[in-house]
J.: 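Take a look at this one; I'll ask things after.
Computation of the quantities below employed the complete heavy-atom set of this structure, encompassing side-chain atoms and omitting hydrogens, waters and symmetry-equivalent molecules. Owing to the predicted nature of the structure, the values given are computational and were not obtained by experimental measurement. Order of listing sets the numbers, starting from 1, for every ligand and every atom in it.
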Amino acid sequence: MSVMEIFETMEYGPAPESSSLALAWIKEHEPFQLFINNQWVKPDQGNYFESNNPANGKTLTKVASADKADVDTAVAAARQAFKSWSKTPGHVRARYLYAIARHIQKHSRLLAVLEALDNGKTIRETRDLDIPLVARHFYSHAGWAQLMESELPDYQAVGVVGQIIPWNFPLLMMAWKIAPAIAMGNTVVLKPARYTSLTALKFAEILQEVGLPAGVVNIVTGEASKAGDALVNHPDIDKIAFTGSTDVGRSIRKSTAGSGKKLSLELGGKSPFIVFDDADLDSVVEGVVDAIWFNQGQVCCAGSRLLVQENIAERLINKLRARMENLRIGDPLDKTMDIGAIVSPGQRAEIQQLVDIGVKEGAQLWQPSTACPTDGSFFPPTLFTNVAPASTLAQVEIFGPVLVTLTFRTPSEAVEIANNTRYGLAASIWSDNINLALDIAPKLKAGSVWVNSTNLFDAACGFGGYKESGYGREGGKEGLYEYVKPAWLARSQPKNATAPAVVADQDADEGTGNGVVHTDALEALTTEDQSSLPSIDRTPKLFIGGKQVRPDSGYSLTITAGNGRIIGEVGEGNRKDIRNAVEAAHKASSWAGATTHNRAQILYYIAENLAVREAEFARRIVEQTGREYADALGEVQTSLSRLFSYAAWADKYEGSVHRPPMRGVVLAMKEAIGVVGIACPDEYPLLGFISLVAPAIAMGNSVVVVPSTQAPLSATDCYQIFETSDLPAGVVNIVTGNREELSKVLAEHHDVNAMWYFGTAEGSKTVELASTSNMKRTWVNYGRSRNWLHRPQGEGQEFLREATQIKNIWVPYGE
Ligand code: NAD
Ligand code: MN
């Protein structure tokens with residue numbers, strides 16, 4: 001191009017970044033082996049797969065394909081390394097993480113080029129976003145390694161962690177996984193995505209340079225059906241951390257159900273990008289570019305649904321089209337490109353298929369007139385209008401550069417459309433009215449909400465989903481909990497016994513009970529006590545929507561004491577009763593919006609009303625369990641203390657304000673999860689019930705509770721207490737009956753957002769399996785009992801964390 005032509009067209013000249021050093025590095029290492037125990041190991045079966053450059057379709061190199069035997073070797077190395085790494089002082093671990101961060105910066109150019117070559121994303125993005133965020137993640141987590149002893153004193157490492165990551169941000173997803181894991185003293189076996197292994201292997205070389213102890217990080221490249229499957233099902237792995245599609249996340253939840261493996265899932269999304277009519281439309285246009293054309297739209301939290309207020313829709317769409325005409329698509333290594341290549345021809349074909357369906361379903365397709373390269377896997381930026389809210393385009397994650405537009409009239413309609421998806425990863429809100437934006441943010445069911453911004457990430461801020469976008473957070477202190485467990489929980493493996501026993505705990509720091517069972521204790525009651533027992537014909541019904549209602553089945557269950565004596569009857573709830581209870585719980589959702597002060601007041605009031613009936617409740621425990629009266633009274637008193645604790649926490653378990661490196665703040669809000677199903681333990685009929693219900697409702701959830709099958713009467717005795725404590729109808733619903741059957745129904749229910757289960761090992765597995773219907777969060781005990789009297793086990797932040805989910809609201813400021 002002559003200077004004159006450039007002057008006339010104002011076209012960019014080519015500005016390619018050289019790939020020669022990266023290609024030389026690749027040649028030097030070919031074929032790539034597995035990284036196990038700090039050594040390069042040939043794959044057991046000698047299999048390799050090709051890694052390609054999606055921008056030209058050419059093969060870059062060959063990479064080892066791990067199978068089960070290789071995964072076994074890697075897990076064994078990680079297990080061996082865990083012994084010393086988990087005991088390595090935090091400061092020493094911090095030094096290693098710091099060194100890793102430094103080395104990433106030193107190799108940043110090579111990493112940026114490799115990533116662009118292997119993935120097809122533009123060098124502009126790998127250089128300015130991926131690699132700097134990777135370094136920042138290791139720096140930030142060097143700090144958490146340093147602070148673990150003081151900031152998380154009651155926690156320890158989980159063990160050996162299996163990590164599986166996708167191809168869209170290969171090195172960044174790896175950093176999000178490895179940094180917190182090793183900072184907290186875990187060891188790792190990580191499997192990169194098949195399309196994009198190279199930067200993980202360069203990272204392995206960095207670990208060798210840094211001298212990280214052998215076996216702390218192992219990298220097994222390979223395919224989903226071999227290495228991935230072997231990792232997920234390995235018996236000696238304590239936790240799986242997965243990022244990828246919701247379908248695969250679901251299958252991992254199924255295969256690990258009942259195994260006791262801790263699980264975190266970062267899954268797909270269909271995130272709304274909401275534009276109100278007072279927004280600055282020029283900023284909005286640039287925002288949309290970053291939301292959906294950044295990384296070719298292969299972003300889990302891409303703003304793929306443009307929700308625009310009807311009166312400005314036409315203006316915005318016209319501006320967008322003009323901007324799209326200027327987007328540059330082509331060679332990822334050219335520094336002037338906006339859009340690179342789709343990761344593989346197969347992925348490109350999937351995008352095309354969904355676009356074709358959209359056209360067939362009647363949506364209006366628009367693509368810019370500029371040429372799209374045809375020699376690699378390129379896909380032009382695409383805009384759909386006239387999209388029906390229930391159509392495929394509006395509901396299915398496309399994972400490509402395809403934006404679909406929907407319109408709304410009022411803010412509440414915007415919220416409704418925004419939440420009309422099974423996902424809940426992220427959302428953007430554009431408005432110059434800060435009151436409006438901050439009113440909308442809490443109403444969106446999404447883990448990250450960006451105000452007048454989009455796709456912002458930082459190591460200090462948690463990232464993760466609501467609903468079917470998964471559970472767990474990555475980043476910030478909130479993300480660390482995925483890689484630690486309470487110190488009292490010695491091991492996370494399930495025990496074999498199916499029925500939990502009451503454990504005596506010498507360390508009990510409160511209550512008078514030691515859990516020792518005396519079956520003849522009832523006989524020891526005075527005549528006076530005996531005569532005041534409730535008569536058998538007082539059969540408690542179910543408690544649904546604030547009313548005592550008859551069970552749908554019309555049947556009752558007989559409750560007997562340990563010695564076989566009949567002590568009462570309760571209604572036998574069924575599937576229909578659970579459905580009614582869930583509906584009632586949803587109707588009580590305004591409880592989540594009640595002030596924390598108000599929730600605290602009601603918990604105190606419940607305690608007050610329980611206190612006046614202390615003796616009666618103690619006798620009920622004696623009846624059901626045969627324990628000593630004094631022991632039972634201790635359980636009631638501990639229950640009172642527990643209610644006070646959660647009344648206290650109600651307005652004190654607060655969020656935080658993160659300060660990422662930008663002008664602005666990130667508000668990390670702890671929000672209720674929604675409707676929580678709770679299955680209560682058999683031991684401690686009152687305390688087990690209170691210990692679970694109180695934290696759940698203190699945080700604003702409404703609950704459907706299934707009490708212990710054999711000892712439900714302490715829970716049903718609470719009906720009157722709830723009725724007289726100003727607790728809004730439907731916040732607590734209680735369905736008695738067969739705990740195992742009813743828990744399964746709750747776990748399967750689409751409108752239940754989390755399920756807590758404290759029963760048998762078998763029941764725990766059933767709940768985890770059934771939870772995949774809507775990927776609800778689960779918290780189960782794998783048949784292990786806890787000492788509910790002992791505060792570290794029976795009360796505190798572990799419960800509050802399970803009762804909440806964190807939303808990070810990004811609020812940039814300044815002109
Ligand atoms: P994918 O689910 O197909 O694969 C992800 C990883 O899992 C790969 O390493 C793959 O080999 C492995 N895998 C696949 N099936 C497996 C199985 N049955 N057992 C064990 N491992 C298995 O996803 P992808 O196509 O690589 O990535 C795209 C998806 O990832 C999108 O849905 C996107 O939204 C999601 N994603 C989510 C986040 C997040 O943080 N929430 C981030 C990036 C991508
Ligand atoms: Mn590749």
Side-chain angles (χ1 to χ4, degrees), residues 26 49-63 65-66 71 114-121 162-170 172-174 176-177 190-200 219-234 240-256 264-271 295 297-302 304 332 341-347 350 376-377 396-400 423-426 446-448 455 457 462-466 468-475 479:
I26 290 172
F49 57 84
E50 288 180 351
S51 199
N52 303 322
N53 177 350
N56 58 21
K58 291 199 181 121
T59 301
L60 277 170
T61 187
K62 281 191 161 58
V63 178
S65 176
V71 170
L114 270 179
E115 198 80 303
L117 278 174
D118 202 11
N119 169 283
K121 60 170 71 192
Q163 303 184 317
I164 299 177
I165 55 173
W167 42 258
N168 59 342
F169 292 88
L172 184 58
M173 291 299 105
M174 188 213 68
W176 284 15
K177 293 274 177 289
L190 176 133
K191 190 194 89 64
R194 191 183 181 285
Y195 297 137
T196 53
S197 308
L198 297 187
T199 46
I219 294 178
V220 289
T221 47
E223 311 200 18
S225 58
K226 288 195 223 154
D229 187 72
L231 206 48
V232 167
N233 294 303
H234 202 290
I240 295 287
F242 171 79
T243 297
S245 58
T246 294
D247 284 347
V248 175
R250 183 171 275 120
S251 89
I252 291 177
R253 170 69 291 175
K254 283 190 185 143
S255 358
T256 56
S264 49
L265 299 173
E266 303 282 355
L267 308 175
K270 188 80 180 174
S271 299
N295 206 27
Q298 305 166 124
V299 182
C300 51
C301 50
S304 52
I342 302 297
V343 76
S344 74
Q347 202 65 26
E350 276 186 38
S377 302
V396 175
E397 182 185 42
I398 299 176
F399 223 60
Y423 296 113
L425 199 48
S448 294
N455 276 339
F457 315 98
F463 181 87
Y466 279 33
E468 293 190 35
S469 289
Y471 29 81
R473 291 291 178 268
E474 298 192 297

J.: Do the side chains of Thr199 and Asp118 get nearer than 4.5 Å, heavy atoms only?
T.: no
J.: Kindly compute the distance separating CG (Leu265) from OG1 (Thr256), expressed to the nearest 0.5 Å.
T.: 8.0 Å
J.: Quick one: look up the protein heavy atom nearest atom 8 (C) of ligand 1 and list residue, atom name and how far away it is.
T.: Ile165 O, 3.3 Å
J.: Would you name the heavy atoms of Glu474 and Glu266 that are closest together and state the gap between them?
T.: CG-OE2, 3.2 Å
J.: About how many Å separate CG of Leu425 and CD of Glu397, when rounded to the nearest 0.5 Å?
T.: 8.5 Å
J.: Among all the protein's non-hydrogen atoms, which is closest to atom 25 (O) of ligand 1, and how far away is it?
T.: Trp167 NE1, 3.0 Å
J.: Please check if the side chain of Asn295 supplies one atom and the backbone of Asn168 the other of a donor-acceptor pair under 3.5 Å.
T.: yes
J.: Atom 40 (O) of ligand 1: protein heavy atom closer than 4.0 Å?
T.: yes
J.: For the 3.5 Å polar cut-off, considering only N or O atoms, please tell me whether Ser469 and ligand 1 meet it.
T.: no
J.: So which protein heavy atom does atom 18 (N) of ligand 1 come closest to, and at what separation?
T.: Ser251 OG, 3.9 Å
J.: Suppose I only count heavy atoms of Lys191 and a 4.0 Å limit; which atoms of ligand 1 are within that range?
T.: 9 (O), 10 (C), 11 (O)
J.: Closer than 2.8 Å to the Mn ion (ligand 2): does that hold for any N, O or S atom in Asn119?
T.: no
J.: Mind checking the CG-CE spacing from Leu190 to Met173? Nearest 0.5 Å is all I need.
T.: 11.5 Å
J.: Which ligand 1 atoms are under 4.0 Å away from a heavy-atom of Ala193?
T.: 9 (O)
J.: Quick one: nearest non-hydrogen protein atom to atom 36 (N) of ligand 1, plus distance?
T.: Cys300 CB, 3.4 Å
J.: With a 4.0 Å cut-off on heavy atoms, does Pro192 reach ligand 1?
T.: yes
J.: Report yes if the distance between the aromatic ring centroids of Trp176 and Phe463 is under 6.0 Å, otherwise no.
T.: yes
J.: For ligand 1, which atoms have a heavy atom of Phe463 less than 4.0 angstrom away?
T.: 40 (O)
J.: For Asn119 and Trp167, which heavy atoms make the closest approach, and how far apart are they?
T.: ND2-O, 2.7 Å
J.: Is there a donor-acceptor contact under 3.5 Å from the side chain of Glu468 to the main chain of Thr246?
T.: no
J.: What do you reckon, does Glu397 put a non-hydrogen atom under 4.0 Å from ligand 1?
T.: yes
J.: When you measure from the side chain of Glu50 to the backbone of Thr59, do you find a donor-acceptor pair of N or O atoms at a distance under 3.5 Å?
T.: no
J.: Side chain of Arg253, backbone of Val248: donor and acceptor closer than 3.5 Å?
T.: no
J.: Please identify which atoms of ligand 1 are closer than 4.0 Å to at least one heavy atom of Thr243.
T.: 5 (C), 36 (N), 37 (C), 38 (C), 39 (C), 40 (O), 42 (C), 43 (C), 44 (C)
J.: Checking a contact table here: which protein heavy atom is nearest atom 17 (C) of ligand 1, and how many Å away?
T.: Val248 CG1, 3.8 Å
J.: Report the distance from atom CG of Asp229 to atom NE2 of His234, rounding to the nearest 0.5 Å.
T.: 12.0 Å
J.: Test your reading of the model: is there a side-chain donor-acceptor pair from Ser65 to the backbone of Gly222, 3.5 Å cut-off?
T.: no
J.: Considering non-hydrogen atoms of the protein only, which is the closest contact for atom 22 (C) of ligand 1, and what is the distance?
T.: Ala224 CB, 3.6 Å
J.: Against Lys191, only a single residue in Ile164, Thr221, Val232 fulfils side-chain contact (heavy atoms from CB on, under 4.5 Å); can you say which?
T.: Ile164
J.: For atom 20 (C) of ligand 1, find the nearest protein heavy atom and state the residue, atom name and distance (0.1 Å precision).
T.: Gly228 C, 3.4 Å
J.: May I ask which of Phe169, Phe399, Phe457, Trp176 has a heavy atom nearer to atom 31 (C) of ligand 1 than the others do?
T.: Phe399
J.: Heavy-atom contact under 4.0 Å between Phe242 and ligand 1?
T.: yes
J.: Test of geometry: compute the angle OD1(Asp118)-the Mn ion (ligand 2)-O(Asn52) and round it to 10°.
T.: 100°
J.: Identify, by atom number and element, the atoms of ligand 1 in contact range of Asn168, meaning under 4.0 Å from any of its heavy atoms.
T.: 43 (C), 44 (C)
J.: To the nearest 0.1 Å, how far is atom 3 (O) of ligand 1 from its closest protein heavy atom, and which atom is that?
T.: Ser245 OG, 4.0 Å
J.: Purely on distance, is any nitrogen or oxygen of Leu267 under 3.5 Å from one on ligand 1?
T.: yes
J.: Does any N or O atom in Thr246 lie less than 3.5 angstrom from one in ligand 1, N or O only?
T.: no
